[in-house]
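Below, read A as the first sequence line, B as the second, and so on, with proteins coming before strands; counting in each chain starts at 1.
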Amino acid sequence: MFEVRHRINRVILQVAITVMVIPFVVPLYVMVKVSFSGAGLGNYKAVTEVPYFLYFFRNSALIALGVIVISYVLTMLGAYGFSKLAIKGREFFFWMIMGALTLPEVVLIAPLFPTWSKLGLYDTFWAVIIPVAALQVPFTLLLTRTFLDGIPNDLMEAARLDGCGSVRTFWNVIVPLARPMAAAIIVLVFINAWNAYLLPLAFLQNAEHEVVTQLPQYFRSQYSDDQTKQLAGAVLTALPEVIAYISLQRFFERGMAAGAIK
Amino acid sequence: MSVLNYQSRLADADAGPGSHRSHRRSGLAPKGYLWILPAFALCVGVIYYCVGYSIHISTLSWDGLSSHKQSVGLENYQRLLTDPLFWSALWHTLVFFIVVFAVQTSLGIVFAAMLHSKVKLAVVYKVLIFLPVVIAPAIMAPVHRNVLSQEGAVNWILSHLGLGSFTRSWLADTSTSLWSIVAVQIWSSVGVAFILFFAAMSQVDLDTLEAARIDGEGNIRALWHIVIPEVRGTIVALGILNAMAALRLFDFPYLLTRGGPVYSSEFPGVFIYREYAAAHAGYSSAASVMLLVIALLASVVMTLRARARK
């Protein structure tokens, strides 16, 4: 984009971007450095000795898995219906779902708390999976429908003439075609489910039901404000995401940028 | 942004020859109601149920759980409209939106342009800019508390630059708490803008750029006159994303300052949660309903404006 013919300009550009990136690195550097200060590895040991330490990760993984499966299945079915099948009042139904795009999750707490209590779902993973999925599906549905709208209908017609019903067309044509979209959806939903903080805070109570985003705060409430252990907890809980991102870079970037590009 | 593409496609379908084709499609295609039912049931069920229930709760004096409920009509709304805390929360949201959007967009464009130039180790820079997007705000919150504390990295850097007089406990100072949250949000979201602009810029026509160069335009002028108009759609999309993020903001202010000190960094999300936790479910829900109305109005205004500009 910038044209740099001369060597000196190239050096200036390199220095400029390095300086500009420094503020992004400082918190990450501090996070690792402080987590090793004081008791050193002992901070990490203390974090792993938090009761139910591994449960935090298992619970987050289970919730993320539940949200991903529900969102993926509902998005695929719905996007096929909205994009390729006959529905009277199609846009009305579609925009009713899209209305949820603007919904702040804090609004869900007062009504869902008594509802989950009444249904016996309070303090179960469903109490988090259902609302998180309900907030994700509108966006993934929008992305996938836009994607399918770009696929010519001739393909469906051909499948139909070959005797494929809508179920077989879905399975043999739509699902394979939408595979690049699926990777982006899964990454996007994974990040949002794994990073969720407010809904688990509101709807999960038992210590063995807590999720990763609550682990760093553990040392804030228990031992006043123990920074080194909090940051050791932050490093341990951030690690799975960092590893996932670095090994699946392309999918993460595409997932976040999904639909923003024509 | 797909929202916008989608709408322009709708407009085409209304007017253009495309509408003919879509009629034929619906005539032949099998019925799709069952296919959309699960998504419709989940989203519309959960969301409209919650909105409806919130409206109902907002007319009550209720602690949120007990069977003792008392209808108070619109009293909660009357109180809310004269509550300076709620108004300052909305004001902070507006300031937050404008500053984050402006800084994020400019930094995103500059980073994307730089990394589209011949820079060594581009992948490393890319990863470092994008990593903050991936890590949960709730996981980073203790780190930011540390960085912004009296003995934190920000003050360390300032005093080594000879700016020792500016050091302070950034989150505990009423004049800097809001700006600290703005800065933290910028830190954690520039990566999104960067990725969007990076993708959009790879579609800029290089011949046009080359022609401008031959006409003697410098790098900055070429960026301003050719690249930025090309990525205008991305800027609009980022505006919408940022407005929604500002209205639903919760994790950072709640975990960094609890809206304080003295409510100097109060946001609607924190306000609603605090009132709810204090067993004022009715009052909290009235604030929820107001926030929803504002979010809905904002999205309608922005999509209409985005459409008008096309």
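For the options B/L255, B/L296, B/V270, B/V154, heavy-atom pairs under 4.5 Å to chain A are most numerous at B/L255. Among B/S54, B/A287, B/P137, the residue making the largest number of heavy-atom pairs under 4.5 Å with chain A is B/S54. Per-residue counts of heavy-atom pairs under 4.5 Å with chain B were compared for A/T18, A/V34, A/L74, A/I246; the largest is that of A/L74. Annotation: maximal heavy-atom pairing with chain A below 4.5 Å, among B/V127, B/I272, B/I57, occurs at B/V127. Taking chain B as the reference chain and counting heavy-atom pairs below 4.5 Å, the highest number among A/T75, A/I97, A/V25 is found for A/I97. Ranked by heavy-atom pairs shorter than 4.5 Å toward chain A, the options B/C50, B/C43, B/S288 are led by B/C50. Heavy-atom pairs under 4.5 Å with chain A were tallied for B/V123, B/V44, B/V289; the largest tally goes to B/V44. By number of non-hydrogen pairs under 4.5 angstrom with chain B, the leading residue of A/V73, A/V26, A/V167 is A/V167. Each of A/S35, A/G99, A/A100 has some count of heavy-atom pairs under 4.5 Å with chain B, and the biggest count is that of A/A100. Contact count against chain B (heavy-atom pairs under 4.5 Å) is highest for A/S166 among A/A244, A/S166, A/A238. Between chain A and the options B/L128, B/L65, B/N146, B/V119, heavy-atom pairs under 4.5 Å are most frequent for B/N146. Most heavy-atom pairs under 4.5 Å with chain B: of the set A/V235, A/V212, A/L201, this distinction falls to A/L201.
In this structure, A/F219 and B/P142 have side chains that are not in contact, with every pair of non-hydrogen atoms separated by 4.5 Å or more. The closest side-chain heavy-atom distance from B/Y254 to A/L198 is not below 4.5 Å. Counting heavy atoms from C-beta outward, A/L13 and B/K118 have side chains that stay 4.5 Å or more apart. With a 4.5 Å cut-off on side-chain heavy atoms, B/M244 and A/T102 count as touching. Counting only heavy atoms from C-beta outward, the side chains of B/L292 and A/P104 approach each other to under 4.5 Å.
Ring geometry, B/F130 versus A/Y245: the interplanar angle falls from 30° to 60°, so the pair is classed tilted. Taking the six-membered ring for Trp and thresholds of 30 and 60 degrees, B/Y33 and A/F93 have ring planes more than 60 degrees apart, a perpendicular arrangement. The aromatic rings of B/W35 and A/F170 lie tilted to each other, with the angle between the two planes from 30° to 60°.
Heavy-atom distances place both the backbone and the side chain of A/K88 under 4.5 Å from chain B. For B/V51, the part sitting under 4.5 Å from any heavy atom of chain A is the side chain, from C-beta outward, and nothing else. Contacts of A/P27 with chain B are made by both backbone and side-chain atoms, with heavy-atom separations under 4.5 Å. Contact of B/L107 with chain A is made through the side chain alone, with heavy-atom distances under 4.5 Å. Neither the backbone nor the side chain of A/A196 comes within less than 4.5 Å of any heavy atom of chain B. A/A79 does not touch chain B: none of its heavy atoms, backbone or side chain, sits under 4.5 Å away. B/Y276 touches chain A through its side chain: at least one heavy atom from C-beta onward sits under 4.5 Å away, while N, CA, C and O do not. Contacts of A/S117 with chain B are made by side-chain atoms alone, with heavy-atom separations under 4.5 Å and no backbone atom involved.
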Mind running side-chain contact (heavy atoms from CB on, under 4.5 Å) on A/M20 and B/Y125 for me, showing each step along the way? CA-CA 10 Å; A/M20 285 172 67; B/Y125 294 110; over 6 Å; no
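A/N195 contributes atom CG, which lies 8.5 Å from atom CG of B/D251 (distance to the nearest 0.5 angstrom). Taking CD1 of B/I139 as the start and CG of A/L231 as the end, the distance is 12.0 Å to the nearest 0.5 Å. Interatomic distance, A/L112 CG to B/Y49 OH, rounded to the nearest 0.5 Å: 7.0 Å. Atoms CD and CZ, from A/Q230 and B/R145 in turn, are 5.0 Å apart once rounded to the nearest 0.5 Å. To the nearest 0.5 Å, the span separating CD on A/Q14 from CG on B/L121 amounts to 6.5 Å. Taking CZ from B/F250 and CG from A/L199, the interatomic distance works out to 9.5 Å, rounded to the nearest 0.5 Å.
In this structure, A/Q217 contributes its side chain and B/A138 its backbone to a donor-acceptor pair below 3.5 Å.
B/R248 approaches A/L103 most closely through the heavy-atom pair NH2-O, 3.2 Å. Minimum heavy-atom separation, A/I130 to B/V46: CG2-CG2, 3.7 Å. Scanning both residues, A/V106 and B/G269, for their nearest heavy atoms gives CG2-O, 3.6 Å. A pairwise comparison of heavy atoms in A/A234 and B/V143 identifies CB-CG2, 4.2 Å as the closest pair. The minimum heavy-atom distance between A/E241 and B/I135, with the atom names listed, is OE1-CA, 3.8 Å. Minimum interatomic distance between A/A110 and B/S285 (heavy atoms only, all atoms of both residues): CB-OG, 3.7 Å.
Counting heavy atoms of neighbouring residues, nucleotides and ligands inside a 6.0 Å radius, atom CH2 of A/W126 does not exceed 12 of them.
Ring to ring, A/F24 and B/F111 are close: their centroids are under 6.0 angstrom apart.
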